[in-house]
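One structure is given here, and the rest of the page talks about it.
Residue numbering restarts at 1 for every chain, and letters A, B, ... go by the order of the sequence lines.
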There are 2 protein chains.
Amino acid sequence: MTITIYDVAREANVSMATVSRVVNGNPNVKPATRKKVLDVIKRLEYRPNEVARGLASKKTTTVGVIIPDMSNIFYAELARGIEDIATMYRYNIILSNSDQREDKELQLLETMFGKQVDGIVFMSEHVSIDLLNMMERSPVPIVLAGTIDATGHMPSVNIDYHQAAFEAVNRLLQNNHKRIAYVSGSLSSTINRAFKFTGYEKALAQAGIELDNDLVVESEATYDAGYTAFNKLKSINDAPTAYFAGNDELAIGLIHGVQDAGLNVPNDVEVISFENSKLARMVRPELTSVVLPLYDIGAVSMRLLTKYMNKEKIEEKTVILPHRICERNSVK
Amino acid sequence: MTITIYDVAREANVSMATVSRVVNGNPNVKPATRKKVLDVIKRLEYRPNEVARGLASKKTTTVGVIIPDMSNIFYAELARGIEDIATMYRYNIILSNSDQREDKELQLLETMFGKQVDGIVFMSEHVSIDLLNMMERSPVPIVLAGTIDATGHMPSVNIDYHQAAFEAVNRLLQNNHKRIAYVSGSLSSTINRAFKFTGYEKALAQAGIELDNDLVVESEATYDAGYTAFNKLKSINDAPTAYFAGNDELAIGLIHGVQDAGLNVPNDVEVISFENSKLARMVRPELTSVVLPLYDIGAVSMRLLTKYMNKEKIEEKTVILPHRICERNSVK
DNA sequence: GTGAAAGCGCTAACAA
DNA sequence: TTGTTAGCGCTTTCAC
């Protein structure tokens, strides 16, 4: 038998409204009766039913988080930032994996609406029109974390990927490389295609180097793919002497490819990464990398969401966090 | 204006009970009226309010997951297994980080009870008495995933850590090592202390080697800690020639320590790990490791939980999954 | 096969 | 300062 607010009221000889008041910290309760109620609550081990509360108040203090893959270190870090800020603001999180499948993303949004979440943080490498339509008709605020909405309609938090990629490639250019490869994750990812790739392009153009499509390889964003990419590129004519890797795993795969070919990083081949997860220090040489502040992106997204949920005034609906390059030893 | 079951009923000229029946797939509805209702639902874009449903039915189809740190690759993998099976059974997941702090764990349980979750999957390196007491008085089933309950009262899924550690150390013994170090994560972790350590102990004893406490180093379970541990042990008298690492990060730190000291793995020093995450293949040499089936532990835990939630008969309340050693190149 | 009506446990006016 | 009373949107008997 679960005990309800009504039981407490009866035991304490007050109305349920009064119990509700003390439970919700409403100041309009005489200290004496507050104490009386609190005592009964403790004695009966009363615990408010948040579902009932949610139905009555139309607020569930839970937010939905839609993530491509929580076992991916990249997204796990983002999610941790989200969760930390969520708990700071007393929200709980319903976390679901979408595996980047649009149908699942759509269905997950639907599920979260049904569960009456107070808001949603959404992550994906590509936001389709259908998704955007659904989001714009959302009953609750949604913010995009580390994900790009081409229309710019949705609140979002990111870094300037284009500029960051530009700088990364420039860092390589600085060492006089003429043949710089871009080993990217999937180019169906908006960030990879429309921002990082164009940053790469721009840096080359500015250095007067013609883009060679043979030097841009699209693959999964994994260690094996990096390894494979190097082995594919090492034997082409005029092979690249430097690599811009889409993420740390790719970079490590690349480096091991180089080393297994009897070459040295950074003396024979230089590699710059784009992520700076804790993996970056777990290779020899350690990775020089653009630092993507994943945790912060998650945290700021959630903070932004709380502002929407509280109907606070929003200064920046599209926030761009700063980035930098962390110098280590994969680039001279 | 959100539209409710009542709106649908009115538009379809039926009672809300009938709408409820079609929404819930109750067969006692004439096909014609079912169709009529379905049409109205589609036209009005009606979406059932799961909170109201939860209040009325006393089931929320959501389960709580308490995890030490979701940004830790180890737990993230476990959580992914949990989530996959949860969605397979149409549950959603409320995920919260405890950072292994008992007060947070306690409070998180309380929160989840309040949210009326239908069940809980709990992970922690140490389950205190207070926690156990609270769990035994839980209104909903709880299963422990990859975590040990000394009393054996709670349902749980694990591997035989003791035996696995025993085998790992034996693998090293097989190569005639006499000085084998155990670089563990925190020994306040029940698994590390009561199972892996004793497995190590037993293997040594059986080989007639006396336990040397200088060779067991307790640290964080991180890359840096592994690196540091090697540097601490390399210069002691009769330094270890083989290492049993508590997890992959530790193992990689150890290996880089060895290499930075100008030594070779596995020729000068051998290292065996205990985890086999994807990191295991991202070092040179690749790690020989006990494979801890994290994803499966998560998946099986969740499956077990569904059985409890459905009040199915439970065959094994304490499930032990099989393990094995994956041979790669950090051990000869 | 369908409807009426009583809750589920709480919040939030509104009165007193 | 406290109590009364409607709901919140749905499920679930129980009749018909």
message: Whether A:Asp103 and A:Arg101 form a salt bridge (side-chain N of Lys/Arg under 4.0 Å from carboxylate O of Asp/Glu) is what I want to check.
response: yes

statement: Span of DNA chain D engaged by chain B, first through last nucleotide within the 4.0 Å heavy-atom cut-off, is D:dG9 to D:dT12

message: A side-chain contact here means heavy atoms from C-beta on lying under 4.5 Å apart; do B:Leu38 and B:Lys42 qualify?
response: no

Distances for protein N or O near nucleotides 2-4 of chain C N or O, under 3.5 Å:
residue, atom, partner, partner atom, Å
C:dT2, OP2, B:Lys30, N, 2.7
C:dT2, OP2, B:Thr33, OG1, 3.2
C:dG3, OP2, B:Ser15, N, 2.8
C:dG3, OP2, B:Ser15, OG, 3.2
C:dG3, OP2, B:Thr18, OG1, 2.6
C:dG3, N7, B:Arg21, NH1, 3.4
C:dG3, N7, B:Arg21, NH2, 3.4
C:dG3, O6, B:Arg21, NH2, 2.5

- request: Give me the residues of residues 52-61 of chain B where at least one heavy atom lies under 4.0 Å from an atom of DNA chain C, by number, or none.
  value: B:Leu55, B:Ala56, B:Lys58

query: How about A:Val127 and A:Thr190: do any of their side-chain heavy atoms sit closer than 4.5 Å?
result: no

query: Counting only non-hydrogen atoms, which of residues 2-10 of chain B are less than 4.0 Å from DNA chain D?
result: B:Thr2, B:Thr4, B:Ile5

task: Determine which pairs satisfy salt bridge (Lys or Arg N to Asp or Glu O under 4.0 Å) with at least one residue from residues 12-27 of chain A, sequence neighbours left out, and list them in order.
output: none

field: Min side-chain heavy-atom separation B:Met302-B:Val63 under 4.5 Å
entry: yes

field: With B:Glu312 via side chain to side chain contact (heavy atoms under 4.5 Å, CB included) - residues at least two apart
entry: B:Arg303, B:Lys307, B:Asn310

task: Starting from P on C:dG1, measure out to CG on B:Asn26 and report it in whole angstrom.
output: 10 Å

- line: In numerical order, the residues of residues 42-51 of chain B whose heavy atoms come under 4.0 Å of DNA chain C are none

- request: For the residue pair A:Val23 and A:Ile5, establish whether any side-chain heavy-atom pair is separated by less than 4.5 Å.
  value: no

message: Run the side-chain hydrogen bond (donor to acceptor under 3.5 Å, both in side chains) test against A:Lys115 and tell me which residues pass, sequence neighbours left out.
response: B:Thr61, B:Asn92

query: So do the side chains of B:Arg47 and A:Pro139 get within less than 4.5 Å of each other, counting heavy atoms only?
result: yes

message: Within the 4.5 Å heavy-atom criterion, are B:Tyr91 and B:Thr306 side-chain neighbours or not?
response: yes

field: Over all atoms of both residues, closest heavy-atom pair of A:Ile94 and B:Ile94
entry: CG1-CG1, 3.9 Å

field: Residues in side-chain hydrogen bond (donor to acceptor under 3.5 Å, both in side chains) contact with B:Ser124, at least two apart in sequence or another chain
entry: B:Gln100, B:Glu105

query: From A:Arg137 CZ over to A:Phe113 CZ, what is the distance, rounded to the nearest 0.5 angstrom?
result: 9.5 Å

query: Is there a side-chain contact between B:Pro141 and B:Leu305 (heavy atoms, below 4.5 Å)?
result: yes

- prompt: Roughly how bent is the helix from C:dG1-D:dC16 to C:dA16-D:dT1 end to end, in steps of 10 degrees, with each end axis from five pairs?
  reply: 30°

NZ/NE/NH1/NH2 to OD/OE distance under 4.0 Å, B:Asp7 and B:Arg10: yes

query: Who are the side-chain hydrogen bond (donor to acceptor under 3.5 Å, both in side chains) partners of A:Asn158, not counting sequence neighbours?
result: A:Tyr161

- request: Could you list all the salt bridge (Lys or Arg N to Asp or Glu O under 4.0 Å) pairs where at least one residue sits in residues 57-79 of chain B, not counting sequence neighbours?
  value: A:Arg80-B:Asp69

